[in-house]
Structures are given as structure tokens and as C-alpha cells.
Amino acid sequence: MAKELTPRSENYSQWYNDLVVKADLAEGSAVRGCMVIKPYGYAIWEKIQHELDRMFKETGHVNAYFPLFIPKSFLSKEADHVEGFAKECAVVTHYRLKTNPDGSGVVVDPDAKLEEELIVRPTSETIIWSTYKNWIHSYRDLPILCNQWANVVRWEMRTRLFLRTAEFLWQEGHTAHATREEAEKEAKKMLNVYADFAENFMAIPVIKGVKSANERFAGALETYCIEALMQDGKALQAGTSHFLGQNFAKAFDVTFLNKENKQELVWATSWGVSTRLMGALIMSHSDDDGLILPPNLAPYQVVIVPIYKNEEQLATIDATVAEITQALKAQGITFKYDNADNKRPGFKFADYELKGVPVRLAIGARDIENGTIEVFRRDTKEKETVSINGIENYVKELLADIQKNIFKKALDYRKSVTRNVDTYDEFKVEIEKGGLLLCHWDGTPETEEKIKEETKATIRCIPLEGDKTPGFCMVTGKPSKQRVVFARAY
RNA sequence: CGGGGUUUAGCGCAGUUGGUAGCGCGCUACGUUCGGGACGUAGAGGUCGCAAGUUCGAAUCUUGUAACCCCGACCA
């Protein structure tokens, strides 16, 4: 019983921290605020990358890579953008170390000061738009639809594994368009890609929406987002897509000649998701026994555990398992056969539950005799014994069912904690209970700010879909076009 | 950057009135086990965060300092 987690009911954030570490996803590092993503955690991230990358390619995007370092002067070109990121930038000032005169270790060589200091990218709009300036001359050069997979650094005060780290991995798409309409369409298109991915691969229901001015990306005209709800009733922004207008084109003087031979400023978007998705994944589905992974993202969908008393029995089981794994493979099912003899079956059961493997097959001498195998599904913890014959089809259907079931469970939970609230008094009571509150708001930053100060709740988004009935702001009584989503957030 | 806490073996912790360090887990070897987190036996493993000071003697007392964690303000 060495690996028990703190129960969620006792301390949700402790449960999260325990789980990340004990399921071997990630751990802290020697560098404050930075994490080591361990092989099992990274395998999940790789699956996320793989699927998203495929979706980006399908929507016409290509990958490229831009530098980690950004000249300090670039960052200051777009006023809102600087404002948003200046407070959390790591800065490179020197390019050389030398042996400490007193002989102890190394020190920064004061003679190696950089002419212009370099910022470690907190995001890449500036370096990319300074580059696009050279790529774009004519409407024939547009659109540019680039994505990059990269790391970025934002010097955060308080960090948590995956949810907020000083360095994190992400993808950032940066596109350039000839018209406003096309850029807006692109931003919305990518929002839909993210929503599709979240729901169909991560099994996390999300609300598509628009950010209020307060929550908007620094430098954007409009920020679209997908908002997810965690099990503890707090919301988490899972992805964003920005319509940047011509702000960066202005800042970096990126123009093109249109068909009428006139100079025009280029229209831009950017969009990204990060390793924060790992946090969303963990907090959406898992339970007190460990991780629950959607089959579509599990590093291996099935684990097979042999139960044997001696070498002879193991040899027989190995032979049967070889047939089973071949059949699984033919169905495109990923698996791990754990016949390591230094752990007992009970330990393996608990360990793979902790790691969230969707399906476990256990097979022993008794099963061999009966032509059966024990099937365990992680999401409901149901166990049954079925015939080995046709097991690959059984497992395939089971995996599909698990994928569907955990999405439904998350959706049902969200529905159960989403409600309309019409008065501010009621709001103050309800927000303490967590969940999503749909309320009327007068659309002003002042009102949002007041609510945030008094209740710690923010507008997560103005939903794009759903009820659009107008009403009156719960705080000021002024007219409101539609209900917006309030919640406390990560 | 405020408020609180921690720092002793890989991890989690104990260490009394100051006397030179221990427990659990893990680890190594061998054996018995193996259908829900096995057990026995024998081992390995520590500049007690760092630096001064008090003392015959400091994990323990004093001062300074650093790192980390939690709670707030800021953020994906």
C-alpha cells in the first residue's frame, strides 16, 4: 500500500499533485517552477501532439520552427502585447561564463554582455511577424498557415505541475491573411479543431466561447476559447484562438500588394494549446485510485497480466498471450504484456489502475484450462470473465464504450453543476458551491472587475452556442444580450 | 512581493534535559511465494540545507543566510 493517493474529498489539489507524481507523469526539477515530464506522461503528450498535428495538417497548416530568443526591442513593438508579457519574461544578458577568480566554480563574464538583451520567448508573435514581413509581398504570398511545436517560458510566481509551469510545451499556430473575414474564419476554424479534439480524444466536454475584454490575449482583437470544467467545480481554459486583426502587421510593418496594386496591412491569427491539457485530462476523469485515461490517448490501451505459479505455467500463458496480442494488433489496439516476475499480480493490478490503463486482461492457469480471460475496465472498475475466442473484438468495443462513457460522465457532471443565476445575492451564494453559473452581464469591464474582486469568479467566456435570450445584468440591471459563463478558474 | 511552514538515508518521518543518528517504505542478495498492493533472512545507504558563534562536546542552543512548500496578489 505504498502508493495511495490523498482522497479527492479530503484535499483536491493534494490529490492532483500526488497523482501526477505517483502515476509517473511528471515531477519537479532542480529548477524552480520547471518540471520533468517523465516517459509515461510524455507518451500521453506525444499522442496529443500526434492527433493535433494530424488535424492541423488536414486543415492546411504546415510546421516550421522559430528561435527561442527574441530581441528585446521586438517585444516592445506592440503596446498591449508588452503590457501583457513584460512582467514574466526571462532575459538573457550575457553569452559567456568564466572561472571564478577565487577558484570556486564559474561566474558570468562581465565582459560578455550582449549588445541587445534577448528575451526567452513567452510566445512567438513578435519574432514570427518580424519574419513574415520578409515573406509577404503580394496577395499571392497569402495566406501563410504555419504552426510550431515549441517550449516557451513565462516566469510564474506560483507553479503547479502541468497546470502552470515556468517552462511549458505547446504548439502555436500563426497565420497571415489578405482579408479580415478570412482571418476571423481561421480563428474560428481552429477553435473548432480544438473543441473537436478535446471532446473526441480527451473526452472532455468544452464550451466554445469568446473572452471578455479583461481576459483577452494581449494584442488580440478577439480571443476565442474552449473552457472545460474540472471535477472540483473549477473551470480551466483548455485552448485559445486569437483574431489579432492588423495589430502585429502594424507593429512590424507587414503589408502586401493587393490585386488592385494597393498596399494593405496583413490580417493575423494565432492559436495554441499547451501541456496544460495534461492537467485538464487528469482532473476531468481520474478518481481516488488513480488516473483514468481515454482510450484514444492512453500510451497503451490494454495491459495484460499473467498469473502463474511456475515457469511452466508462464510458458503456456506466454504462448496464449502471443496469439491474443497478435489479434489485438490486427485491430489496431495498443497493449503492454507485463510478465515481469519481480512484481506480483496484485501489485500490477493496482499499479496499472494508478496509471489509468483503460483495459486490463488477466490470464492464469484456470483461464487457459477454460479458454477464458478476465477483463477489467478502469473507468467503472467492472470485471468479467469472457472467452478468449474473439477477445480482440470484445476489447475493441469495450475501448469505444469507455471512450464514450468517460465523456458522458464528464458531460453529466458539467450539466449537474451548471445553472442559471439571476441575482447577484444568489450568485455570491452559488459561486461558493463551484460549477458554472450562467448569468446576465452588462458587458462592461467594470462590472466584471467588481464581480471578480468580490467573488473571485471570472467570466470564462461568452458562449457562441446555446441560449441567446436577452435579459438584464445581475449586478447593474442594465440590458444584457445573452447569458455568459461565470466560474472560479485555474 | 506580503503571511505561515519545512529542511536529518532515494522517499516519508522520529530524534527527550546538548554526549557524535534511528524508524517505515524503497534498494541489493538468497529462499519461499504469485487469481487484488507477499513474507523471511542477510546487507548497502547520512558533511543532519549552508555559514559563523556558544561549548570539553551541537541534528539539538544563538545569529545570519539559502532553498523548497502552503496561503494571498499576477497569469495559459
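Every chain is numbered from 1, with letters handed out A, B, ... down the list of sequences.
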Under the salt bridge (charged side-chain N to carboxylate O under 4.0 Å, His left out) criterion, do A/R360 and A/E353 qualify, and how do the steps go?
CA-CA 9 Å; A/R360 179 184 72 228; A/E353 280 162 36; 2.8 Å; yes
How close or far is atom C1' of B/G12 from atom CD of A/E27, stated in whole angstroms?
16 Å
Under 3.5 Å, is there a donor on one side chain and an acceptor on the other for A/T131 and A/W129?
no
Contact class for A/R160 (heavy atom, under 4.0 Å): base, sugar-phosphate, or nothing?
nothing
Would a distance-only check, ignoring hydrogens and angles, find a side-chain to backbone donor-acceptor pair under 3.5 Å from A/H285 to A/M202?
yes
With a 4.0 Å cut-off on heavy atoms, is A/F376 in touch with a base, just the backbone sugar-phosphate, or nothing at all?
base
Considering only the C1' atoms, how many Å lie between B/G64 and B/C70, rounded to the nearest integer?
25 Å
Please tell me which of the listed nucleotides, B/G37, B/C75, B/G36, lies nearest to the side chain of A/D351?
B/G37
Across every strand shown, the nucleotide meeting Watson-Crick or G-U wobble geometry with B/C34 (both distances under 3.5 Å) is none
Using a heavy-atom cut-off of 4.0 Å across all strands, would you classify A/E156 as base, sugar-phosphate, or nothing?
base
Tell me yes or no: between the side chains of A/Y490 and A/D232, is some donor less than 3.5 Å from an acceptor?
yes
Whichever of A/D341 and A/R164 has the more 5' nearest nucleotide on RNA chain B, that residue is A/D341
Euclidean distance, atom CZ of residue A/F85 to atom P of B/C74 [Å, nearest integer]:
17 Å
Base, sugar-phosphate alone, or nothing: which one does A/E172 contact when heavy atoms must sit under 4.0 Å apart?
nothing
Rounded distance in Å - CD1 (A/I304) to P (B/G35)
18 Å
Atom CG of A/N17 to atom P of B/C68: distance rounded to whole Å?
16 Å
A/L314 atom CG is separated from B/G35 atom P, nearest whole Å, by 14 Å
For B/A73, the nucleotide meeting Watson-Crick or G-U wobble distances (both under 3.5 Å) is none
Inter-nucleotide C1' distance (B/G35, B/U41), Å rounded
28 Å
Could you measure between the two P atoms, the one in B/G43 and the one in B/G22, and give it in whole Å?
15 Å
Using atom P of each nucleotide, how far apart are B/A58 and B/C48 to the nearest Å?
11 Å
Contact class for A/Y490 (heavy atom, under 4.0 Å): base, sugar-phosphate, or nothing?
nothing
So does A/R344 reach the base of B/G35 with its side chain, donor to acceptor, closer than 3.5 Å?
no
Nearest to the A/R366 side chain among B/C70, B/G37, B/G35, which nucleotide is it?
B/G35
By the 4.0 Å heavy-atom rule, please label A/K211 as base, sugar-phosphate, or nothing.
nothing
For A/T59 and A/M190, the nearest pair of non-hydrogen atoms, with its separation, is OG1-CE, 4.1 Å
Side-chain donor or acceptor of A/S29 paired with backbone N/O of A/C34 under 3.5 Å
yes
N or O in side chain of A/R154 less than 4.0 angstrom from B/C75 OP1/OP2
no
If you check every side-chain atom of A/E88, which of B/G36, B/G35, B/C75 has the closest atom?
B/C75
Would you say the base of B/G36 and the side-chain of A/E353 have a donor-acceptor pair closer than 3.5 Å?
yes
Using a 4.0 Å heavy-atom cut-off, does A/A365 contact any base of the nucleic acid, only the sugar-phosphate backbone, or nothing at all?
base
In the structure shown, which nucleotide is the Watson-Crick or G-U wobble counterpart of B/G49, with both distances under 3.5 Å?
B/U65
5′-ward residue of the pair A/V31/A/S274 relative to RNA chain B:
A/V31
Assess, by modelled atom type and distance only, whether the side chains of A/N339 and A/Y308 contain a donor and an acceptor separated by less than 3.5 Å.
no
From NZ of A/K22 across to P of B/G12 the rounded distance in Å is 10 Å
From B/C34, B/G37, B/G36, pick the nucleotide closest to the side chain of A/F347?
B/G37
Tell me what A/L163 touches on the nucleic acid: a base, only sugar-phosphate, or nothing, going by heavy atoms under 4.0 Å.
base
Sticking with atom C1', work out how far B/A9 lies from B/G26, rounded to a whole angstrom.
11 Å
At under 4.0 Å between heavy atoms, what does A/D367 touch on the DNA or RNA strands: base, sugar-phosphate, or nothing?
base
In this structure, how many angstroms lie between the P atom of B/G12 and the CD atom of A/Q14, rounded?
12 Å
Could you identify the nucleotide paired to B/U54, looking across every strand shown and requiring Watson-Crick or G-U wobble geometry with both distances under 3.5 Å?
none
Under 6.0 Å between ring centres: does that hold for A/F248 and A/H81?
yes
Choose from B/C34, B/C75, B/G36 the nucleotide whose nearest atom is closest to any side-chain atom of A/K383.
B/G36
Salt bridge flag under 4.0 Å for residues A/K450 and A/E453:
no
Taking only the C1' atom of each, what is the distance from B/G19 to B/U63 in whole angstrom?
24 Å
If you measure from the P atom in B/A29 to the same atom in B/U62, how many Å do you get, rounded?
46 Å
Assign A/T372 to base, sugar-phosphate, or nothing according to its heavy-atom contacts below 4.0 angstrom with the strands shown.
nothing
Measuring only the C1' atom in each nucleotide, how far is B/U55 from B/A66? A whole number of Å is fine.
26 Å
B/U33 C1' sits how many Å from A/N342 CG, rounded?
14 Å
Under a 3.5 Å cut-off for both contacts, is B/G10 paired Watson-Crick or G-U wobble with anything, and if yes, with which nucleotide?
B/C25
Given B/G36, B/C70, B/A73, which nucleotide is nearest the side-chain atoms of A/K456?
B/A73
